[in-house]
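Encoded as structure tokens, the structure appears first; notes follow it.
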Amino acid sequence: MRMYINQAGYLPGEKKTILLAEAAEEEISKLQSGKYPPETVKVFDRDGKCILEKEAAYQGYDREAGDLVWLADITELSDPGEYRAEYEKEHIACRINISGQIYAGLCKVLSKAYYFQRCGTELEAQYAGKFKRECCHTGKAVRLEDYKKITEGAGTGDIRFYDVRGGWHDAGDYGRYPTAAAAALAHIMYAYRFFPDAFSVNLNIPESGNGIPDILNECLYELKWLLKMQLQDGSVCHKLTSMRHANFVMPARDKRQFILFPPSSMATADFAAVMALASRVYAEYDVEFSRMALNAAKRAWSWLESHPEFTGFANPEECNTGDYADTDDRDERLWAAAEMYRAVKDDIYMEEAERIYAELEREGTDVVSMGWGNVSGFAGWCLLEQSLRRTGSDGEKDTGRKAELSEKYRAAFISEADRIVALSRESRYGVALDAREYEWGSNMTVLNRAMILETAYLLVPDDRYIECAAEQMNYILGVNAVGYSYVTGVGEHSFRNPHNRVTVADGIEETIPGFVAGGPNAYPVDEKAEWLIEPGTPPMKCYLDIWECYSLNEITIYWNSPAIFVSSFLHVKLK
Ligand code: 9MR
Ligand code: ZN
């Protein structure tokens with residue numbers, strides 16, 4: 001038998017369960033009733049006194065996990081403190097933590113992780129502690145066509161070099177990719193807009209104390225870099241990486257030539273959207289930046305207008321860094337149109353948003369996604385912002401055409417949330433994934449679904465939504481078939497070996513805390529996972545805490561960001 005709980009802990013008043021699991025090929029009805037008998041779990045306080053004894057009722061067989069599952073409800077345990085749960089029959093135990101600050105603490109460590117992704121700056125001991133490191137990637141970049149000239153030995157005489165310093169490393173690699181950046185920034189900036197109370201903490205970063213909330217200081221570090229990805233004509237480069245990934249060395253030792261790859265309409269539209277959003281978010285903190293962001297957004301929008309055709313991106317053959325492949329730019333254009341409408345308040349943007357939305361709706365394309373590939377849900381957040389914000393409004397009323405599209409979004413979020421609740425009920429682990437969705441970055445899908453549930457809850461405060469969102473977080477933090485907390489440094493049994501060049505190369509035993517793993521992937525593409533995961537392994541168990549497993553165990557800026565959104569919501573709403 002194995003025993004699982006949310007290893008970060010629980011808020012005093014929330015629903016709490018202990019899950020017992022036993023692997024089985026299938027459900028074999030040993031008993032006439034077709035049911036397995038209940039099991040017993042006990043809870044002890046710090047003095048070793050048994051304060052609770054509960055029955056864990058058999059729930060059924062979970063096919064995705066390959067487990068028989070029992071659940072014990074321990075919700076009545078609500079006094080803050082540390083406890084120990086035990087399944088005496090097999091002497092297994094785990095720690096239970098109850099505190100009002102669980103999600104505030106989680107949100108903080110997830111936010112600080114971005115500081116550890118900073119590129120182009122030294123991480124000083126006073127902010128980074130033992131994870132201090134030298135400055136990296138200060139070299140200038142060249143455009144792809146010039147890189148080819150250089151490698152062909154043509155000299156550097158007439159070549160233009162670009163300052164591209166700054167931003168966050170995307171993931172376990174040192175590349176920086178605008179479409180990935182835009183999604184991460186949107187999750188975080190909207191989390192701040194909707195739940196500002198969750199972000200009053202000091203993150204101990206160089207900008208702390210400058211009068212701007214630290215989470216916005218951190219985003220500004222990325223936004224200022226992102227501005228550098230825009231070319232003269234307004235378009236935005238699809239990515240900034242070397243031709244091949246760096247070796248597993250500290251970033252300061254990576255001296256490969258960085259290349260500005262050609263622009264794409266996805267990157268340009270995401271850029272327009274996120275800069276228009278930033279112009280609103282920073283208006284009260286940094287007027288000059290806010291103005292710059294809006295101008296940049298307008299220039300990107302003009303390029304999009306004069307380039308209505310899809311401008312895709314494909315890696316040159318010799319390149320092995322990420323491509324963030326995308327075959328449809330309408331969701332990005334939709335998001336850009338919505339944000340431009342909010343920032344500039346001109347109906348032409350709304351007309352464009354309505355036109356694209358109608359097209360997607362007609363085709364039955366998902367309109368509420370909030371990942372790097374499909375960003376259309378961000379347009380929904382943008383248009384529904386007044387209804388979604390916790391306090392007050394920014395003075396603008398939902399009227400006219402905007403109200404119509406907002407209504408459609410409202411309905412779309414709610415119907416998707418209902419589908420997610422139903423999906424999660426099919427799982428004995430309560431996770432809202434179907435069998436095929438255990439793929440690269442499956443934890444992102446789980447967290448993105450939690451964001452949709454939370455969005456629906458803000459629109460219609462139905463307890464099913466908030467409970468289901470919390471269940472998704474329980475899954476991420478330990479209630480899953482491998483028993484890991486998928487956040488480094490959080491919980492008794494958190495994963496420790498992310499596919500992250502810094503963690504592998506830094507020679508420090510401890511793992512940098514606050515990073516979310518990609519998670520189980522039943523279709524791994526890295527060699528190590530292919531060797532080690534037996535065909536037929538239940539998808540929820542297709543996970544290994546091994547650094548070479550990049551298709552299971554990498555970290556990225558857009559896997560942390562939905563976790564920030566979800567935990568800041570839970571902190572503010574679930575108390
Ligand atoms: O997160 C991305 C995943 O959804 C894709 O399946 C995968 C292959 O295209 O790429 C992932 O993104 C990686 C990116 O290309 C480069 N930086 C690391 C990212 C996380 O693994
Ligand atoms: Zn760097």
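These values consider heavy atoms only, across backbone and side chains, with no hydrogens, waters or symmetry-generated copies. Because the structure is a prediction, the values reported are computed rather than measured. Positions are given from 1 along the sequence. Whatever order the structure lists ligands and atoms in, that order sets their numbers, starting from 1.
Salt bridge Arg419/Glu416: present, at least one basic N to carboxylate O contact under 4.0 Å. A salt bridge does not link Glu309 with Arg330: every distance from a Lys NZ or Arg NE/NH1/NH2 to an Asp or Glu carboxylate oxygen is 4.0 Å or more.
No N or O atom of Trp559 sits closer than 3.5 Å to an N or O atom of ligand 1. Between His245 and ligand 1, not a single N/O pair is under 3.5 Å apart.
Looking at Leu570 and Met473, their side chains come closer than 4.5 Å, going by heavy atoms from C-beta outward.
Taking a cut-off of under 4.0 Å to the non-hydrogen atoms of Ala171, the atoms of ligand 1 that pass are 17 (N), 18 (C). Below 4.0 Å from some heavy atom of Asp170 lie the following atoms of ligand 1, by number and element: 16 (C), 17 (N), 18 (C), 19 (C). Taking every non-hydrogen atom of Thr556 and a distance limit under 4.0 Å, the qualifying atoms of ligand 1 come out as 20 (C). Within ligand 1, counting atoms from 1 as listed, the ones closer than 4.0 Å to a heavy atom of Asp173 are 16 (C), 17 (N), 18 (C).
At least one test fails for Arg436 against the ring of Tyr438: distance under 6.0 Å to the centre or angle within 45° of the axis. With a 6.0 Å cutoff to the six-membered ring centre and a 45° limit on the axis angle, Lys239 does not count as a cation-pi contact of Tyr177.
The heavy atom nearest to atom 10 (O) of ligand 1, considering only Tyr550, Trp440, Tyr174, is found in Trp440. The option from Ala325, Gly322, Gly371 that lies nearest to atom 15 (O) of ligand 1, judged by heavy atoms, is Gly322.
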